Amino acid sequence: MAVPPTSRHDRALEQLVRRANQHRAGYSSRHTRLQALSRLTFTSFVRTLAQRTPARLWLHLVVATLVPLALVLSQNSAVLLGPRVDEVIPPASIEETAAHTVPLTLGPISLENEIELGEAPLPDSAFADIVALPEVQAALSRQAILAPATFETVVLGDSVNVRNGPGLIYDKIGELPGSTVLALEGYAEDWFVGRTAEGERVWIAGELVAEATAARSILAPASEIPPPPPPKIAVVAEEGLSLRDGPGTAYVKLDSFTQGTQIDLLSRFENWFEVRHPGGTIGWVTGDFLQIAEGVIPRLEVLPAAPDPNPALVATADGTVNLRAGPGTNYPRAGTASSGTELALVARYDDWLKVRTPDSKTAWVFNEVVRVSDYVVRRVPFTRDIPALPKPATPAAPATVARGGSAPPLSAAQSGGVVAFAAQFVGTPYVWGGSRPGGFDCSGYTKYVYAQFGLSLPHSAAGQYSQRYGVFISRDNLQPGDLVFFANTYKPGISHVGVYVGGGRVAQALAPGVPLSIVSMNSAYWNSKYYGALRPNL
């Protein structure tokens with residue numbers, strides 16, 4: 001059969017189809033290459049991101065995704081997991097449900113079916129661990145598990161004040177001797193309320209009872225706190241009202257008040273009141289010139305007796321002390337008084353006391369080396385009748401020299417007196433902050449020693465290293481009686497001081513648990529710590 005020849009239009013259509021197929025094939029090839037390149041790039045990106053991103057960030061991302069989903073599911077748990085409202089649960093279903101563990105979900109727990117389902121009572125043995133707790137046992141022993149708890153304790157100290165409220169602004173209502181038993185019932189800040197064996201209700205400061213911390217952990221806050229009472233104050237109604245050191249005109253005047261001054265009332269004796277001056281001094285004023293509000297006087301503590309306006313004018317030597325011929329270290333030494341010796345006080349001048357020894361000799365002593373109260377010293381007559389100073393045998397020494405240079409030597413009396421006095425305390429216990437013969441630290445020891453010779457030093461090793469108290473000298477020029485200083489011992493900087501006694505040895509309070517000793521300063525340790533020396537101005 002003959003094929004009819006194609007027309008010009010058929011050939012044009014075939015060419016058009018062929019070109020379309022070629023374009024389609026080219027597009028498919030390019031698209032395939034682009035897809036492969038895209039997959040390669042995305043895979044590389046994901047791999048790089050996974051390698052460079054910390055694991056904790058992926059964990060945070062997972063949690064951030066799951067938590068909102070869990071919350072949404074929990075809010076719809078009644079629909080997804082629970083029965084319909086109108087659905088009746090057959091008894092068999094309850095038993096079957098009880099035999100399985102209910103899944104734990106986030107969100108609020110529905111209790112609407114708890115009463116309907118009910119719960120069998122638990123046996124007493126289920127609470128055994130709770131009952132065994134010490135605090136529960138303590139409550140059971142008091143048989144007050146349902147009543148307000150109390151805590152039995154004892155009073156600390158020899159005698160303590162108790163008040164009618166929680167604070168010093170409340171009135172004192174009595175005193176309790178040490179070891180008194182109190183049944184504490186509650187607390188308010190740092191105060192406890194309790195009852196005595198007689199049933200009296202009192203308030204006491206927490207620091208004055210044993211086991212205060214345990215008491216606070218058991219007791220409840222006090223439910224009834226008395227309102228604060230009016231302040232115990234008075235107003236001065238007379239210009240120049242005298243403040244005295246005792247309740248009467250026979251006592252020494254300390255100060256005076258201007259009219260209108262408001263003062264605190266502390267106690268009373270007859271018509272005299274113990275008050276606090278605005279400057280801090282405590283003394284007594286007569287009530288004749290005070291304006292006191294009604295009801296204040298009965299609230300004041302009444303003293304049973306007044307102090308003696310004429311006490312014995314006696315001081316006691318605090319350790320072995322030097323007696324001198326006049327009120328100063330420039331006077332020659334007139335002897336010594338041993339520790340505990342009673343010295344009758346004859347007169348005073350500045351910081352020196354004229355005394356009479358038990359063998360009736362008179363001499364002068366520095367007031368800081370004897371034990372005597374300010375109350376007694378105020379009654380010692382002041383005098384200006386003092387002996388003339390002895391003429392110096394040599395010209396006065398220059399005031400200061402440069403550190404490490406030469407310095408005037410101490411006199412034999414000075415150096416010998418300082419060393420002899422300092423050496424007698426060998427064996428004294430070390431007491432941090434101590435500056436008395438019962439116990440010293442390093443600077444407290446040197447302070448005490450040189451006070452006997454009229455030089456007042458600060459209670460600090462670094463503070464004593466100053467030209468205010470003497471002249472700096474080199475190590476080669478050390479003489480007995482000089483102060484030597486060490487650095488970087490128990491802390492950085494100048495931290496230790498002692499009295500040079502000669503022969504390269506130093507009297508010093510060393511450390512807690514070590515008695516005061518005389519040790520060589522030439523050992524490797526003290527050589528490495530040596531800082532400098534000072535010749536005191538005696």
Side-chain angles (χ1 to χ4, degrees), residues 316-322 329 333 336-340 351 365-371 410 414-466 468-473 475 478-491 493-523 525-526 529-538:
T316 304
D318 191 6
T320 301
V321 300
N322 286 328
T329 55
R333 194 172 64 166
T336 61
S338 59
S339 179
D351 294 329
V365 65
F366 189 51
N367 65 0
E368 288 190 6
V369 300
V370 294
R371 294 193 296 270
L410 293 173
Q414 288 174 331
S415 62
V418 169
V419 171
F421 184 78
Q424 67 179 311
F425 298 107
V426 170
T428 300
Y430 184 97
V431 175
W432 178 264
S435 60
R436 292 288 181 179
F440 294 110
D441 62 12
C442 67
S443 59
Y445 170 57
T446 52
K447 172 182 172 65
Y448 182 81
V449 167
Y450 288 95
Q452 320 307 310
F453 299 87
L455 179 61
S456 180
L457 296 172
H459 196 159
S460 161
Q464 292 179 10
Y465 190 73
S466 169
R468 286 177 291 181
Y469 310 112
V471 293
F472 296 129
I473 58 172
R475 186 167 181 170
L478 277 172
Q479 290 187 8
D482 290 337
L483 283 167
V484 289
F485 297 85
F486 302 90
N488 306 321
T489 54
Y490 71 94
K491 66 176 183 179
I494 299 176
S495 55
H496 191 68
V497 61
V499 180
Y500 185 71
V501 298
R505 302 175 69 82
V506 180
Q508 51 189 311
L510 291 164
V514 181
L516 195 148
S517 308
I518 297 177
V519 299
S520 173
M521 61 181 288
N522 297 322
S523 66
Y525 176 82
W526 293 112
K529 305 298 183 183
Y530 179 82
Y531 186 82
L534 183 83
R535 181 151 300 158
N537 290 330
L538 300 182

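Along the sequence shown, residues are numbered consecutively beginning with 1. Computed from a predicted structure; not experimentally measured.
For the pair Pro437 and Gly319, the tightest heavy-atom approach, listed with the atom from each and the gap, is CG-CA, 4.1 Å. Taking every heavy atom of both residues into account, Val449 and Val418 meet most closely at CG1-CG1, 4.2 Å. Nearest approach of Ser495 to Asn488, heavy atoms of both residues: OG-N, 3.5 Å. A pairwise comparison of heavy atoms in Ser517 and Val426 identifies CA-CG1, 4.5 Å as the closest pair. For Ser435 against His459, the heavy-atom pair with the smallest separation is CB-CE1, 3.9 Å. Nearest heavy atoms, Ala317 versus Ala337: CB-O, 4.3 Å.
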Q: Please assess Leu483 against Tyr450 for the test side-chain contact (heavy atoms from CB on, under 4.5 Å), listing each intermediate value before the final yes or no.
A: CA-CA 10 Å; Leu483 283 167; Tyr450 288 95; 3.4 Å; yes
Q: Under the ring-ring contact (aromatic ring centres under 6.0 Å, His included) rule, what do Tyr465 and Tyr531 come out as? Steps first, then yes or no, please.
A: CA-CA 10 Å; Tyr465 190 73; Tyr531 186 82; 5.3 Å; yes
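Going from atom OG of Ser456 over to atom CZ of Arg468 covers 11.0 Å, rounded to the nearest 0.5 Å. Annotation: the span from Arg371 atom CZ to Asp318 atom CG amounts to 5.0 Å, rounded to 0.5 Å. Between Arg436 atom CZ and Glu368 atom CD the span is 7.0 Å, to the nearest 0.5 Å. Arg475 CZ to Asp482 CG: the interatomic distance, rounded to the nearest 0.5 Å, is 13.0 Å. Here the OH-NZ distance, from Tyr490 to Lys529, works out to 13.0 Å after rounding to the nearest 0.5 Å. One distance of note links CG of Leu478 with CZ of Arg535; it measures 7.5 Å at 0.5 Å rounding.
A side-chain donor-acceptor contact under 3.5 Å links Gln452 to the backbone of Tyr448. Of the possible donor and acceptor atoms, none in the side chain of Tyr445 sits under 3.5 Å from a partner among the backbone N and O of Val497. At distances below 3.5 Å, not a single donor-acceptor pair connects side-chain atoms of Asn322 with backbone N or O atoms of Thr336. Judged purely by atom type and a 3.5 angstrom limit, Tyr500 uses its side chain to pair as donor or acceptor with the backbone of Gly504. With hydrogens and angles disregarded, a donor-acceptor distance shorter than 3.5 Å links the side chain of Asp441 to the backbone of Gly433.
In this structure the side chain of Tyr430 reaches within 4.5 angstrom of the side chain of Pro512, judged on heavy atoms. When side chains are defined from C-beta on, Trp526 does not count as touching Ser520, because their heavy atoms never get closer than 4.5 Å.
Using the six-membered ring where Trp is involved, Phe453 and Phe421 have ring planes that are perpendicular, over 60° apart on the 30 and 60° scheme.
Residues passing the salt bridge (charged side-chain N to carboxylate O under 4.0 Å, His left out) test with Arg333: none are found, sequence neighbours excluded.
Side-chain contact of Gln464 with Ser443: a donor-acceptor pair under 3.5 Å is absent, judged by distance alone.
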